[in-house]
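I have placed the structure first, in the form of structure tokens, so that the comments after it can refer back to it.
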Amino acid sequence: MEYSPNIIEKHWQKYWKENQIYKVSNDSTKPKYYVLDMFPYPSGAGLHVGHPMGYIATDIFTRFKRLKGFNVLHPMGYDAFGLPAEQYAIQTGVHPAESTAANIVGFRRQMDNIGFSYDWSREVNTSDPAYYKWTQWIFLQLFDHYYDTKLDKARPLSDLISHFETQGSSNVTASNSFDGSFTAEEWTSFSAKEKDEVLMNYRLVYRKVGYVNWCEALGTVLANDEVKDGVSERGGYPVMKKAMMQWSLRTTAYAERLLKGLDDVEWPESLKIMQRNWIGRSEGARVFFQVKDHPNLAIEIFTTRPDTIFGATFMVLAPEHDWVERLTTEACREGIEQYKDYVQSRSERERVSEVKKVSGAFTGAYAIHPISGNEIPVWISEYVLKDYGTGAIMAVPSDDSRDNAFAKHFKLPIIEVIDRSAFPNATMEDKVGHLMNSDFLNGKNIVEAIAAALDYIEHNGLGTRQVNFRLRDANFSRQRYWGEPFPILYDPEGVAHAVDVEDLPLELPKLDDFKPSVDGKAPLTKALEWLHPIDGWVREADTMPGFAGSSWYFLRYMDPENPEAFASKQALDYWQDVDLYVGGAEHAVGHLLYSRTWHKFLFDIGKVPTPEPFRKLINQGMIQGRSNFIYRANDKFFMAYLEKKVFADLMGDIDYVKETKSDFESATNYDYSIKGSNLVIEVTSFKQSDKIARIREIAAANGKRLLVIANETISRNINNPKHIEAIIRENLHSSVPFVISEYDKEPGQLYVSHNLTYKYDESNFSAINIDVNWLENDVLDIEKALASNMYKNADFKLDPNGKFTCSWEIEKMSKSKYNVVNPDHVIGEYGADCFRMYEMFLGPVEQSKPWDMNGIDGVAKFLRRFWSLYASPDSVLLTNDAPAKPELKILHTAIKKVTEDIEKFSFNTSVSAFMICVNELKKLNCSKREILEPLTILIAPFAPHVSEEIWQNILNNEGTVFDASFPSFDEQYLKDDEIDYPLCINGKKRAIMSFPAEENNANIENAAKSHPDMEKWLEGKSIKKVIIVPGKMINVVA
RNA sequence: GCCGAAGUGGCGGAAUUGGUAGACGCGCUGGACUCAAAAUCCAGUGACAGCAAUGUCGUGUGGGUUCGAUUCCCACCUUCGGUACCA
């Protein structure tokens, strides 16, 4: 029996499908286990070999858990709303739903090819109205709730309204953005519009002014991704910040719980740190600074260093701060306006990261220092952001590096307030030293001073203690078509009303033109009938962001078809939460924070049973591309070649002069003249006819005969420099005034291999990405290249061994770099089992690594060897003989290693363990059923197809191998009688000594000391002590 | 800039809690089988010196702790991810 992966893999994929082997029930007596992959955006490019790495790992884990007796949920679906489909629609007119559906078909086909154990009956698609109905439903719940900071949970907005009706705004404990107060009577007398405006400051989704990247020239709002260096990526047009009314998600309400919840989940510490830093909890004080000549204005700042308040010599507001307008004096207005124009052109990233660039403008206003009473100037600068803290800071140039740079640049005073003389290496931001120049704080250390300053500030009514978060409320509006429509209607007053839950889903209207409308308004404003369902009323025309649908999809998998709820209580109670979540670290603070927020909200309103969605999480690395390069010869190369290969190697008998040319002359003078002859030579492309004509005139004027050697001639004769020699010799002493060498009418470029670039100056070549699918072991298959459009006329200069070798580099896997490898191709050649195992064999799942086909033959060879234990080409080899002790040891070593490796997600080492196991069994020619049957189950999670084939057709078992149970190892087979100890002298290994496993330390020490070579190793020193680590090593210290 | 991760032979990587650095695989070299090729099998393969035994060096760089450091500590360099509208 031959091992034919392509036949058996298709066969068993069909069998699994027909017998619904991977269908998962919500009703089982087995313990549950939920394994989840971060779901993909179905891009038009399809899956490349990087995508399935995590999926293969979870598939292995899923099958392993199943073999261990769990009811395992392992679903897959599509994050199907997104910008690429919309851009494609704008370019081609193809509706995003259409292109997305087509892309999903492609993804699905590619995934099926790999043999995953997904329960496809649970597939979800965020752009399906039956799905986004529930995204909209959750949005409406958020809209109808506020966050009670005392109970620390979300509560219905109606509770808050009752409170307003009885007590007004006093005693409200809620996350809010409300600025002001009102009584119960005032509340009752408010108009609907006024009430709506107040409530917006409390809802968990609410409207506020946000800033977008506005590109006037393109007439559209751009994603940060589409902006490069302050201009649009497409077209390079200027991009400005533009204020727009936007929906926001009040993530800050959950900041504290998002932080605390991290203690309860099993995530990589680095990821928790990233989330903690992103949330950025800091304790400090809000302090009010009165403004001179503005009795009703007090600038609110937040500081984590109230101890340095005496060092505050100026204030800085964000240029967008509401009060900049009012504070600016006439004399300063022009400067402020100019500066604001400049800031509008700057991205937030640039503003924060370009720390060396100092800029700002003076408003003309002065604030009163709340303690010293000094007047300090109020400036604006881009390094203060509107959404961070209060959008205003007290600047302490002695203890903050950006304030310091600002003060130095604008020659503002600096008062040292921390004496760091006891800590000579301390930097400005280190919290060490004692206070000085600070009135009542003098002499205190920083911790004492912070406490004292806080007390003072509170007692004197200058401000209050406050906990602040770096985390900001998430912008929830997109001026796009391809996203969930908001189920919101505005009445003629502009009051936002929720669409009735019975009317969900609110479907996207059909559109033909997906471009944004005037002023960057969302494309949906063009769907007039949809937009105005009732006279005078208007729908929200923005759509939700990508993270809306992806913030709760893992819940839908539990009960994907339910029309009554996003998932039934029964399903939620059974599956609870995700036990293992695998995905890229690029989602560390985006998706993972948003889904935790949504989940906590759903927990608060009693819809999910757990406060955290993802119990354990593993970050997978990215698969990088491995690009190959060929080198295109440029004009300089042909001259270099002529000098080296023809003049130097073959024509030592003649003298030539290389005409020196300035750049200006290069087009008007020939390259070489030959001494003792009136011949001059020009090397150039025959296509440069103007240039040749000019040089011909010059040569004639100088009384010279001109020989033009076409680049194309050299290119075609690159391995035959004698041909070029012959051309020159033929013309040396003739009388023909002008000769041009023969050339092909349809010449191509000359490309040289990497090896050749060593022999010439690198400026003779440009490196070009070449399709990696045309190479094997970095050797280019010339036939494949010549068969392509791009290289059909190309000349390739081969190495002396007849090969064309390319250089390589690790880059991002992308179409433009021609380094994308499609899993289908790999599977076509090697089979899915081999592909799966090779992806795992490449390295640890958590690490990023380059895709490189060079090692896959080893895995293919392994699978053939594995198969050859069971069957030869003409017969089954299996025997029922009793296994010998060494065979059992080999098997149980593998079981132990593989089990431990799977549990810690170390699949590359388990593949190695399989290789070792098979190599050793092969050496013993072991074909015993008692060894090979457990081995089949052991390898089944990794190579499901070949295992199923062996299980059913060679081992002749009934039913799928995935209903078997995973073998367990027996320690008794693993024990060694003898242990080899390395003998080290001062930590350096010198010899190996063998001892019985149970040997005592004294005997080992004596044996070591009396080693015949000991004297030589000691080099005259005496033994100080001997360290023996039982079972590990012996170290003699001299 | 800030936050996080990674750096070990020609290449991907291994090394359990601080204990034999380079498992396993690719590639390369030599050999067997074959008319030949493919496939398969055997041996070798970190660098340097040496016929060899063996010795010296060696885990991004520089320091430190330790009997012993790829592993722990300090400083730095390079690459990758994120940086709030790519997903």
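Lettering of chains follows the sequences in order, A, B, ..., and the numbering in each one begins at 1.
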Touch class at under 4.0 angstrom, heavy-atom based, for G546(A) against every strand present: nothing
Complementary nucleotide of rC48(B), counting Watson-Crick and G-U pairs under 3.5 Å: rG55(B)
Nearest-Å distance once atom C1' is located in both rC41(B) and rG22(B): 25 Å
Sugar-phosphate only, base, or nothing, as touched by E226(A) at under 4.0 Å among non-hydrogen atoms: nothing
Euclidean distance, atom CG of residue N1035(A) to atom C1' of rA69(B) [Å, nearest integer]: 13 Å
Sugar-phosphate only, base, or nothing, as touched by R480(A) at under 4.0 Å among non-hydrogen atoms: base
Sugar-phosphate only, base, or nothing, as touched by N919(A) at under 4.0 Å among non-hydrogen atoms: sugar-phosphate
I1027(A) side chain, from C-beta outward: closest of rG19(B), rG81(B), rG25(B): rG19(B)
Out of rA14(B), rG4(B), rU83(B), whichever nucleotide has its closest atom nearest the side chain of I273(A): rG4(B)
Protein-nucleotide distance (I279(A), atom CD1; rU83(B), atom P), rounded to Å: 16 Å
Salt bridge K861(A)-D857(A), side-chain N to carboxylate O under 4.0 Å: no
Full working for side-chain hydrogen bond (donor to acceptor under 3.5 Å, both in side chains) between S627(A) and E811(A): CA-CA 7 Å; S627(A) 305; E811(A) 301 182 291; 2.6 Å; yes
Electrostatic pair K904(A):E900(A) at N-O distance under 4.0 angstrom: no
G-U wobble or Watson-Crick pairing nucleotide for rG7(B) (cut-off 3.5 Å, both distances): rC77(B)
rG9(B): syn or anti, per glycosidic angle within 90° of 0: syn
Per F841(A) side chain, nearest of listed nucleotides rC24(B), rG19(B), rG27(B): rC24(B)
Touch class at under 4.0 angstrom, heavy-atom based, for S43(A) against every strand present: nothing
Evaluation steps, side-chain hydrogen bond (donor to acceptor under 3.5 Å, both in side chains), between N628(A) and N819(A): CA-CA 7 Å; N628(A) 279 111; N819(A) 60 4; over 6 Å; no
Distance in angstrom units between F547(A) CZ and rA87(B) C1', rounded: 13 Å
Candidates rC24(B), rG12(B), rG82(B) - which lies nearest the side chain of K849(A): rG12(B)
Touch class at under 4.0 angstrom, heavy-atom based, for K356(A) against every strand present: nothing
Whole angstrom value for the distance that separates P of rU20(B) from CD1 of I992(A): 10 Å
Interatomic distance where CG belongs to N854(A) and C1' belongs to rC28(B) [whole Å]: 13 Å
Sugar-phosphate, base or nothing in reach of V212(A), heavy atoms under 4.0 Å: base
Charged N-O contact under 4.0 Å between R478(A) and E484(A): no
Candidates rC80(B), rG19(B), rC85(B) - which lies nearest the side chain of Q624(A): rC80(B)
Sugar-phosphate only, base, or nothing, as touched by D79(A) at under 4.0 Å among non-hydrogen atoms: sugar-phosphate
SB check E354(A) R346(A) (cutoff 4.0 Å): yes
Touch class at under 4.0 angstrom, heavy-atom based, for V355(A) against every strand present: sugar-phosphate
Contact under 4.0 Å: R472(A) side-chain N or O vs rA84(B) OP1/OP2: no
Residue of the set K386(A), R351(A), K242(A), K241(A) for which salt bridge (charged side-chain N to carboxylate O under 4.0 Å, His left out) holds with E320(A): R351(A)
Side-chain N,O (K988(A)) to OP1/OP2 (rC57(B)) below 4.0 Å: yes
N224(A), nearest nucleotide to its side chain (from rC86(B), rG1(B), rU20(B)): rC86(B)
Among rA84(B), rG55(B), rG81(B), the one nearest L471(A) by side-chain distance: rA84(B)
Given rU83(B), rA14(B), rA5(B), the nucleotide with the shortest approach to the side chain of T909(A): rA14(B)
Atom-pair distance (NZ on K1032(A); P on rU16(B)), nearest Å: 8 Å
Interatomic distance where CD1 belongs to I916(A) and P belongs to rC24(B) [whole Å]: 6 Å
Sugar-phosphate only, base, or nothing, as touched by K989(A) at under 4.0 Å among non-hydrogen atoms: base
Proximal nucleotide (of rC86(B), rG25(B), rA5(B)) relative to the D225(A) side chain: rC86(B)
Sugar-phosphate, base or nothing in reach of L842(A), heavy atoms under 4.0 Å: sugar-phosphate
Sugar-phosphate, base or nothing in reach of K861(A), heavy atoms under 4.0 Å: sugar-phosphate
Nearest-angstrom distance, P atom, rA6(B) to rC73(B): 12 Å
Touch class at under 4.0 angstrom, heavy-atom based, for H587(A) against every strand present: base
R990(A) vs rG55(B): side-chain N/O to OP1/OP2 distance below 4.0 Å: yes
5'-most by nearest nucleotide on RNA chain B - D852(A) or R864(A): D852(A)
Pair N619(A)-E846(A), side-chain hydrogen bond (donor to acceptor under 3.5 Å, both in side chains): steps then yes or no: CA-CA 5 Å; N619(A) 278 135; E846(A) 295 91 334; over 6 Å; no
C1' gap between rA49(B) and rU34(B), integer Å: 41 Å
More than 12 heavy atoms from other groups under 6.0 Å of NZ on K521(A): no
Along RNA chain B (nearest heavy atom to each residue), the more 5'-positioned of L271(A) and L222(A): L271(A)
Selected nucleotide, minimal atom distance to V352(A) side chain, candidates rG13(B), rG1(B), rG81(B): rG1(B)
Touch class at under 4.0 angstrom, heavy-atom based, for R470(A) against every strand present: base
L863(A) CG - rG25(B) P separation (whole Å): 13 Å
